[in-house]
Student: 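Pasting a structure below so you can have a look.
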Amino acid sequence: MVEEPPAGPSAGRPALRVAILTISDAGARGERADTSGDKIAEWVRRRGYAEAARCLVPDEVNRIVGELLRWADDDLADLILTTGGTGLTARDVTPEATRVVLDKEAPGIAEALRMTAYPRFPRAALSRGLAGVRGRTLIVNLPGSPGGVADGLAVLEGIVEHAVELVRGSRTEH
């Protein structure tokens with residue numbers, strides 16, 4: 001039996017630095033466990049990446065924008081994954097907050113996240129999550145449910161390292 005190499009960055013390259021931002025009013029009040037953020041953190045460890053930062057904030061544009069700006073502008077993370085606040089309720093403001101900080105959007109990533117889950121979970125089409133770049137940081141909005149996060153992370157596994165290499169300028173050929 002041949003052993004598979006561990007998932008994660010190639011030998012000789014530093015670990016991808018991932019920051020995790022959970023957006024949840026109930027979580028911020030201590031009324032709900034951060035199971036979606038935990039799922040992302042587990043994925044980060046399993047992939048051999050480094051958890052650069054983690055924070056839980058309420059569904060408030062200024063709080064979301066503040067964390068995204070700080071993490072991206074201080075070059076704290078190569079990848080920021082948000083979870084929560086991507087739906088259609090009045091309090092779901094993650095896409096609006098994310099759009100404020102992005103230098104450019106990467107709509108294909110957000111579309112892939114929705115459409116991969118859609119065939120077995122049609123409500124995935126209701127997610128308004130965005131993806132894009134600020135400076136040298138890739139930012140991706142994931143849904144707030146653990147299942148939605150798992151679906152999104154499965155999509156990202158095939159593209160995120162290459163995307164980060166392009167954003168950071170370490171790879172320019174396609």
Side-chain angles (χ1 to χ4, degrees), residues 16-45 49-118 121-156 160 163-164 167:
L16 193 75
R17 300 169 302 148
V18 182
I20 304 164
L21 181 61
T22 301
I23 296 98
S24 168
D25 286 332
R29 290 190 304 265
E31 298 170 358
R32 178 182 303 153
D34 184 11
T35 55
S36 294
D38 292 343
K39 183 154 291 280
I40 296 170
E42 175 187 312
W43 179 82
V44 167
R45 283 188 297 278
Y49 301 153
E51 185 177 310
R54 184 169 176 185
C55 187
L56 192 153
V57 298
D59 293 89
E60 296 173 7
V61 170
N62 290 341
R63 297 285 303 275
I64 300 165
V65 167
E67 290 302 322
L68 295 176
L69 287 175
R70 184 170 65 85
W71 292 348
D73 293 354
D74 290 350
D75 195 29
L76 188 72
D78 305 307
L79 171 66
I80 299 172
L81 296 175
T82 73
T83 177
T86 62
L88 298 174
T89 75
R91 294 289 296 165
D92 290 327
V93 296
T94 301
E96 288 76 16
T98 302
R99 186 169 279 120
V100 167
V101 306
L102 294 179
D103 296 327
K104 63 176 115 182
E105 289 190 32
I109 296 172
E111 292 163 8
L113 294 173
R114 283 185 281 276
M115 291 304 107
T116 300
Y118 179 79
F121 187 71
R123 287 185 284 173
L126 302 178
S127 175
R128 301 177 310 111
L130 299 177
V133 176
R134 178 170 182 92
R136 292 168 36 96
T137 303
L138 178 64
I139 301 171
V140 179
N141 299 152
L142 297 172
S145 70
V149 165
D151 289 343
L153 294 174
V155 171
L156 292 178
V160 74
V164 167
V167 168

Student: Ala33: what forms a side-chain contact (heavy atoms from CB on, under 4.5 Å) with it, not counting sequence neighbours?
Tutor: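 Partners of Ala33 by the side-chain contact (heavy atoms from CB on, under 4.5 Å) criterion, ordered by chain and then number, come out as Thr35.
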Student: Please find the pair of heavy atoms, one from Ala124 and one from Tyr118, that lie closest to each other, and give the distance.
Tutor: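 Shortest heavy-atom contact: CB-N, 4.1 Å.
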Student: About how many Å separate CG of Leu16 and CG of Asp78, when rounded to the nearest 0.5 Å?
Tutor: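 Separation between the atoms: 5.0 Å.
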Student: How close do Thr22 and Gly37 get, heavy atom to heavy atom, and via which atoms?
Tutor: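 Here Thr22 and Gly37 meet closest at OG1-CA, 3.7 Å.
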Student: Using side-chain contact (heavy atoms from CB on, under 4.5 Å) as the criterion, list what pairs up with Ile109, not counting sequence neighbours.
Tutor: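 Once residues adjacent in sequence are excluded, the partners of Ile109 under the side-chain contact (heavy atoms from CB on, under 4.5 Å) criterion are Ala106, Leu113, Ala131, Leu138, Val140, Leu156, Ile159.
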Student: Does any part of the side chain of Val164, heavy atoms only, come nearer than 4.5 Å to the side chain of Tyr49, both counted from C-beta?
Tutor: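 Contact flag for Tyr49/Val164 side chains = no.
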Student: Does Arg136 have any salt bridge (Lys or Arg N to Asp or Glu O under 4.0 Å) partners at least two apart in sequence or in another chain, and if so, which?
Tutor: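 For Arg136, no residue satisfies salt bridge (Lys or Arg N to Asp or Glu O under 4.0 Å) once neighbours in sequence are set aside.
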Student: Residues in side chain to side chain donor-acceptor pair (under 3.5 Å) with Thr82, at least two apart?
Tutor: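 Only Asn141 meet the side chain to side chain donor-acceptor pair (under 3.5 Å) criterion with Thr82.
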Student: Please enumerate all residues that pass side-chain contact (heavy atoms from CB on, under 4.5 Å) together with Glu111, with sequence neighbours excluded.
Tutor: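 Scan of Glu111 (side-chain contact (heavy atoms from CB on, under 4.5 Å), adjacent residues dropped) gives Pro107, Arg114.
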Student: Whether the side chain of Thr94 engages the backbone of Gly84 through a donor-acceptor N/O pair (distance < 3.5 Å, no angle test) should be reported.
Tutor: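 Present.
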Student: Applying side-chain contact (heavy atoms from CB on, under 4.5 Å), run through Thr137 and Leu68 and close with a yes or a no.
Tutor: CA-CA 10 Å; Thr137 303; Leu68 295 176; over 6 Å; no
Student: Other residues, nucleotides and ligands only: do more than 12 of their heavy atoms fall within 6.0 Å of CZ on Arg32?
Tutor: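 Incorrect, the count does not exceed 12.
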Student: Atom OG1 of Thr83 and atom CG of Leu21: how far apart are they, to the nearest 0.5 Å?
Tutor: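 Here the rounded value is 9.5 Å.
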Student: Quick one: list whatever passes salt bridge (Lys or Arg N to Asp or Glu O under 4.0 Å) with Arg134, sequence neighbours left out.
Tutor: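 So Arg134 forms a salt bridge (Lys or Arg N to Asp or Glu O under 4.0 Å) with Asp73.
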Student: Pairs under 3.5 angstrom only: tabulate donor-acceptor contacts from the side chains of residues 143-152 to other protein residues two or more places apart or in another chain.
Tutor:
| residue | atom | partner | partner atom | Å |
| --- | --- | --- | --- | --- |
| Ser145 | OG | Gly148 | N | 2.9 |
| Asp151 | OD1 | Arg120 | NH2 | 2.4 |
| Asp151 | OD2 | Arg120 | NH2 | 2.9 |

Student: Does the side chain of Arg54 reach to within under 4.5 Å of the side chain of Asp38, using non-hydrogen atoms?
Tutor: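 Yes, at least one pair of side-chain atoms sits under 4.5 Å.
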Student: Can you tell me how far CG of Leu56 sits from CD1 of Ile20, rounded to the nearest 0.5 angstrom?
Tutor: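 The CG atom of Leu56 is 11.5 Å from CD1 of Ile20, to the nearest 0.5 Å.
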Student: So which atom in Gly135 and which in Val167 form the shortest heavy-atom distance, rounded to 0.1 Å?
Tutor: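 Nearest pair, atom of Gly135 first, then Val167: O-CG1, 4.2 Å.
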Student: Cut-off 3.5 Å, no hydrogens considered: what does the side-chain donor-acceptor table look like for residues 57-67, sequence neighbours left out?
Tutor:
| residue | atom | partner | partner atom | Å |
| --- | --- | --- | --- | --- |
| Asp59 | OD1 | Asp25 | N | 3.0 |
| Glu67 | OE1 | Arg70 | NH2 | 2.7 |
| Glu67 | OE1 | Trp71 | NE1 | 3.4 |

Student: Tell me every residue that passes salt bridge (Lys or Arg N to Asp or Glu O under 4.0 Å) with Glu96, counting only those two or more places apart in sequence or in another chain.
Tutor: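 Applying salt bridge (Lys or Arg N to Asp or Glu O under 4.0 Å) to Glu96 gives Arg128.
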Student: Can you tell me how far OG1 of Thr98 sits from CG of Leu130, rounded to the nearest 0.5 angstrom?
Tutor: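 Taking CG in Leu130 and OG1 in Thr98, the distance rounds to 6.0 Å.
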Student: Quick one: side chain to side chain donor-acceptor pair (under 3.5 Å) pairs with a partner in residues 101-110, sequence neighbours left out?
Tutor: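 Qualifying pairs: Arg99-Glu105.
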Student: Of all residues at least two apart in sequence or in a different chain, which pass the side chain to side chain donor-acceptor pair (under 3.5 Å) check with Thr86?
Tutor: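 So Thr86 forms a side chain to side chain donor-acceptor pair (under 3.5 Å) with Ser127.
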Student: Mind checking salt bridge (Lys or Arg N to Asp or Glu O under 4.0 Å) for Asp75 and listing every partner two or more places apart, or none if nothing turns up?
Tutor: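 Here the qualifying residues are Arg17, Arg168.
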